[in-house]
Amino acid sequence: MLAQFVLFDGFDSLDVIAPYEVLAAAGAVTDRAIDVELVSAEGPRTVPSGLGLLTLQATTRLDPQRADLIVVPGAAGLLPGDGEPADDSIPVILGRTLETGLPTLLAQALDRDGVTVATVCGGSMILAMAGLLENRPATTHHLGMDLLGATGAVPVDARVVDDGDLVTAAGVTSGLDLGLYLLDRELGPETALAVERLFAYERRGTVWRRPATVQAAA
């Protein structure tokens with residue numbers, strides 16, 4: 001299983017690092033049942049996080065034809081309304097991703113069978129603003145729930161929202177819970193439990209899942 005973690009200018013570092021560490025640890029405890037990569041829409045490059053906190057190196061290009069799992073983080077920036085320069089606000093940073101090749105690649109991923117797209121915090125807003133979450137249940141940071149709904153998505157106030165090939169997580173620290181939930185779903189509870197023990201962390205919050213379709217009796 002190949003997991004690609006998307007980097008873009010202004011990404012939130014914890015949104016990436018928390019689930020990256022979880023899935024990378026699973027690769028170790030399962031004899032590489034999962035591999036992880038840091039990627040960007042542009043290909044290999046050094047990518048600055050928001051607020052100048054740190055940079056990470058994308059080693060290859062986001063590739064929906066190779067990846068089994070794609071994880072999209074939110075942005076690190078200043079909140080709107082605090083008098084900050086517009087270029088440093090989270091909505092502006094997220095909006096700039098729409099001017100890159102990222103939305104097209106994410107659309108291709110959602111169109112391909114067998115690929116799961118997961119988001120942390122404001123990462124769901126990137127998909128939503130690109131028109132990819134119409135009528136789909138999703139979550140994001142609590143400050144962005146109204147905006148998420150305004151895009152046509154269906155906001156769900158849960159720690160993790162599982163809508164099949166789309167799995168979204170709420171605030172920044174929910175990346176840990178997202179990673180462990182994905183391990184449980186894809187590789188089984190034994191793997192998730194092994195990583196929980198390794199990290200001395202237990203999953204928290206509610207996972208919302210779309211109710212199964214009731215089949216008509218034959």
Side-chain angles (χ1 to χ4, degrees), residues 1-8 11-41 43-44 47 56-74 101-121 123-124 126-127 132-133 136-139 159-170 173-199 201-203 205 207-210 212:
M1 179 179 180
L2 175 61
Q4 293 192 327
F5 286 76
V6 176
L7 304 179
F8 57 85
F11 71 90
D12 186 287
S13 54
L14 188 56
D15 286 3
V16 174
I17 292 171
Y20 179 95
E21 290 274 353
V22 169
L23 269 64
V29 302
T30 60
D31 193 24
R32 299 190 68 82
I34 183 168
D35 290 314
V36 293
E37 296 178 341
L38 295 176
V39 303
S40 79
V47 187
L56 292 176
Q57 185 69 37
T59 59
T60 189
R61 185 174 183 266
L62 171 60
D63 187 352
Q65 301 305 312
R66 291 179 56 236
D68 303 294
L69 169 66
I70 295 170
V71 182
V72 184
L102 182 57
T104 298
L105 293 170
L106 293 175
Q108 292 173 5
L110 288 171
D111 284 342
R112 181 182 165 226
D113 290 340
V115 180
T116 297
V117 176
T119 69
V120 182
C121 199
S124 58
I126 295 175
L127 280 77
L132 301 177
L133 297 190
R136 299 202 65 172
T139 192
R159 185 77 166 169
V160 175
V161 173
D162 182 347
D163 191 35
D165 64 346
L166 173 70
V167 183
T168 57
T173 58
S174 66
L176 285 169
D177 305 293
L178 173 70
L180 288 165
Y181 173 72
L182 289 170
L183 289 185
D184 191 348
R185 193 183 87 159
E186 302 297 332
L187 300 180
E190 295 84 1
T191 300
L193 181 58
V195 176
E196 281 190 354
R197 287 173 172 167
L198 182 64
F199 283 18
Y201 176 83
E202 294 183 1
R203 277 182 287 171
V207 176
W208 182 97
R209 300 177 185 86
R210 181 187 287 276

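When a residue number appears, it is its place in the shown sequence, counting from 1.
D63 pairs by the salt bridge (Lys or Arg N to Asp or Glu O under 4.0 Å) definition with nothing, not counting sequence neighbours. Qualifying side-chain contact (heavy atoms from CB on, under 4.5 Å) partners for Q108, counting only residues two or more places apart in sequence or in other chains: P64, T104, L105. For the side-chain contact (heavy atoms from CB on, under 4.5 Å) test, residues two or more places apart in sequence or in another chain that qualify with R197 are L193. For R112, there are no side-chain hydrogen bond (donor to acceptor under 3.5 Å, both in side chains) partners two or more places apart in sequence or in a different chain. Here D111 pairs with nothing under the side-chain contact (heavy atoms from CB on, under 4.5 Å) rule; sequence neighbours left out. Take A194 and apply the side-chain contact (heavy atoms from CB on, under 4.5 Å) test, not counting sequence neighbours, and it matches V29. F5 meets the ring pair (Phe, Tyr, Trp, His ring centres under 6.0 Å) test with Y20; sequence neighbours excluded. Remark: D68 pairs with no residue by the side-chain hydrogen bond (donor to acceptor under 3.5 Å, both in side chains) rule, at least two apart or across chains. For D12, there are no salt bridge (Lys or Arg N to Asp or Glu O under 4.0 Å) partners at least two apart in sequence or on another chain. With sequence neighbours excluded, no residue forms a salt bridge (Lys or Arg N to Asp or Glu O under 4.0 Å) with R61.
Judged by distance alone, the side chain of T119 and the main-chain N or O of V72 form no donor-acceptor pair under 3.5 Å. Although no hydrogens or angles enter the test, the distance criterion places a donor-acceptor pair under 3.5 Å between the side chain of S124 and the main chain of T139. A donor-acceptor pair is defined here as one N or O able to donate and one able to accept, closer than 3.5 Å; such a pair exists between the side chain of T59 and the backbone of L38.
The side chain to side chain donor-acceptor pair (under 3.5 Å) contacts involving residues 27-39 comprise Q4-E37, R32-D35, E37-R66, where partners must be two or more places apart or lie in separate chains. Identified under the salt bridge (charged side-chain N to carboxylate O under 4.0 Å, His left out) test for residues 178-194, with sequence neighbours left out: D162-R185, D184-R203.
A distance of 10.5 Å separates CD1 in I126 from CG in L132, rounded to the nearest 0.5 Å. Within the model, atoms CD1 of I70 and OG1 of T116 stand 9.5 Å from one another, a figure rounded to the nearest 0.5 Å.
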>> Evaluate L178 against V167 for side chain to side chain contact (heavy atoms under 4.5 Å, CB included), listing each step before the verdict.
In response: CA-CA 8 Å; L178 173 70; V167 183; 3.5 Å; yes
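Using a 4.5 Å heavy-atom threshold, the side chains of W208 and R159 count as separate.
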